[in-house]
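Notes follow the structure.
As a basis for the values below, the full set of heavy atoms in this structure was taken, side chains included, without hydrogen atoms, waters or symmetry mates. Chain letters run A, B, ... following the sequence lines, proteins first, then strands; residues in each count from 1. Keep in mind that what you see is a predicted model, and the values were worked out from it rather than measured.
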Amino acid sequence: GESVGLHLPTLSVQEGDNSIINCAYSNSASDYFIWYKQESGKGPQFIIDIRSNMDKRQGQRVTVLLNKTVKHLSLQIAATQPGDSAVYFCAENTSGGYQKVTFGIGTKLQVIP
Amino acid sequence: DAGITQSPRHKVTETGTPVTLRCHQTENHRYMYWYRQDPGHGLRLIHYSYGVKDTDKGEVSDGYSVSRSKTEDFLLTLESATSSQTSVYFCAISVGGDRGGYNSPLHFGNGTRLTVT
């Protein structure tokens with residue numbers, strides 16, 4: 001989930017298990033949501049997105065769930081692998097003259113071999 | 001990295017000196033962005049560009065200026081660096097075309113780590 005502190009929340013998962021990373025977004029007018037993965041020393045990398053007219057979208061080993069009622073987003077990673085270890089953060093978009101994107105702080109996923 | 005190159009990757013500079021960071025893209029995208037990433041904060045938009053010579057401010061633009069004289073290059077300048085500008089800077093592009101990248105993900109470079117002493 002999100003944190004306002006300097007230390008990222010950490011999720012430790014055994015290799016092969018499923019991971020669930022949560023995100024609470026702030027703007028009820030947001031209508032496009034993205035999950036990014038960031039490995040140490042690298043830029044954020046797009047994983048999966050979802051529009052507000054959907055409540056679930058699946059990719060390869062990842063699923064994003066959107067609950068607009070409670071402004072909650074989750075990322076599910078199936079059969080977590082060591083290469084999934086990274087910081088994951090969500091982003092919410094609201095329409096505007098430019099890309100108005102608000103990024104979350106992130107959750108660190110540690111995969112235990 | 002979607003054809004995005006940032007330079008330098010690391011920079012140490014002294015307070016009061018000007019610093020320019022460069023972002024180069026090879027895919028001819030119209031929209032380019034500069035973000036900074038700091039502990040305890042999500043990525044925050046500094047400036048963005050919607051075409052050659054067309055730029056605008058983001059939420060944390062004070063102390064920064066940008067220029068885009070060619071489609072492929074977007075420069076970020078710290079006019080007089082301060083310690084509060086110590087950060088990791090990311091350039092990004094969006095592929096959303098004329099709608100400003102709305103409803104499309106951003107593609108990021110690998111960042112420039114800037115330390116102001």
Side-chain angles (χ1 to χ4, degrees), chain A residues 1-10 23-27 29-54 57 59 62 64 73 75 86-108, chain B residues 1-7 9-10 21 23 25 29-51 54-61 66 88-113:
Chain A
E2 300 302 324
S3 170
V4 295
L6 295 178
H7 300 286
L8 292 175
T10 299
C23 175
Y25 65 92
S26 57
N27 190 342
S30 294
D31 55 6
Y32 176 57
F33 304 88
I34 310 165
W35 279 100
Y36 291 93
K37 171 186 181 183
Q38 187 174 19
E39 297 174 278
S40 181
K42 295 188 177 181
Q45 177 186 3
F46 167 72
I47 302 173
I48 191 168
D49 58 2
I50 189 167
R51 288 163 173 69
S52 60
N53 60 352
M54 305 170 69
R57 190 167 188 223
V62 295
V64 55
L73 199 64
L75 176 71
V87 173
Y88 292 81
F89 54 90
C90 64
E92 57 180 301
N93 283 32
T94 54
S95 59
Y98 62 96
Q99 187 169 38
K100 298 187 70 169
V101 185
T102 301
F103 290 88
I105 297 165
T107 296
K108 184 175 183 179
Chain B
D1 62 3
I4 302 170
T5 303
Q6 292 187 233
S7 59
R9 290 296 315 275
H10 302 273
L21 309 183
C23 178
Q25 58 139 333
H29 290 294
R30 180 180 174 190
Y31 289 86
M32 299 183 75
Y33 308 82
W34 277 107
Y35 284 88
R36 60 179 289 173
Q37 187 175 47
D38 304 288
H41 295 273
L43 289 159
R44 293 180 290 175
L45 182 65
I46 305 171
H47 280 279
Y48 68 100
S49 170
Y50 46 97
D54 292 324
T55 65
D56 207 345
K57 296 179 180 180
E59 63 180 305
V60 291
S61 60
V66 289
V88 182
Y89 292 86
F90 288 101
C91 175
I93 61 172
S94 64
V95 298
D98 289 342
R99 295 188 67 199
Y102 180 61
N103 274 3
S104 66
L106 293 173
H107 298 273
F108 290 87
N110 281 326
T112 294
R113 181 174 293 276

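- Ring-centre distance between B:Tyr35 and A:Phe103: below the 6.0 Å cut-off.
- Contacts of A:Val62 classified as side-chain contact (heavy atoms from CB on, under 4.5 Å), with partners at least two apart in sequence or in another chain: A:Ile47, A:Ile48, A:Leu75, A:Ile77.
- For chain A, no part of B:Gln6 is nearby; none of its heavy atoms comes within less than 4.5 Å.
- For A:Gln38, the part sitting under 4.5 Å from any heavy atom of chain B is the side chain, from C-beta outward, and nothing else.
- Classification of the B:Tyr31-B:Tyr50 ring pair by plane angle, with boundaries at 30° and 60°, yields tilted.
- Proximity to chain A (any heavy atom under 4.5 Å) is restricted, for B:Arg9, to the side chain, taken from C-beta onward.
- The two residues A:Ile105 and A:Phe89 have their closest heavy-atom pair at C-CB, 4.3 Å.
- When heavy atoms are compared at a cutoff of 4.5 Å, A:Phe33 does not approach chain B at all.
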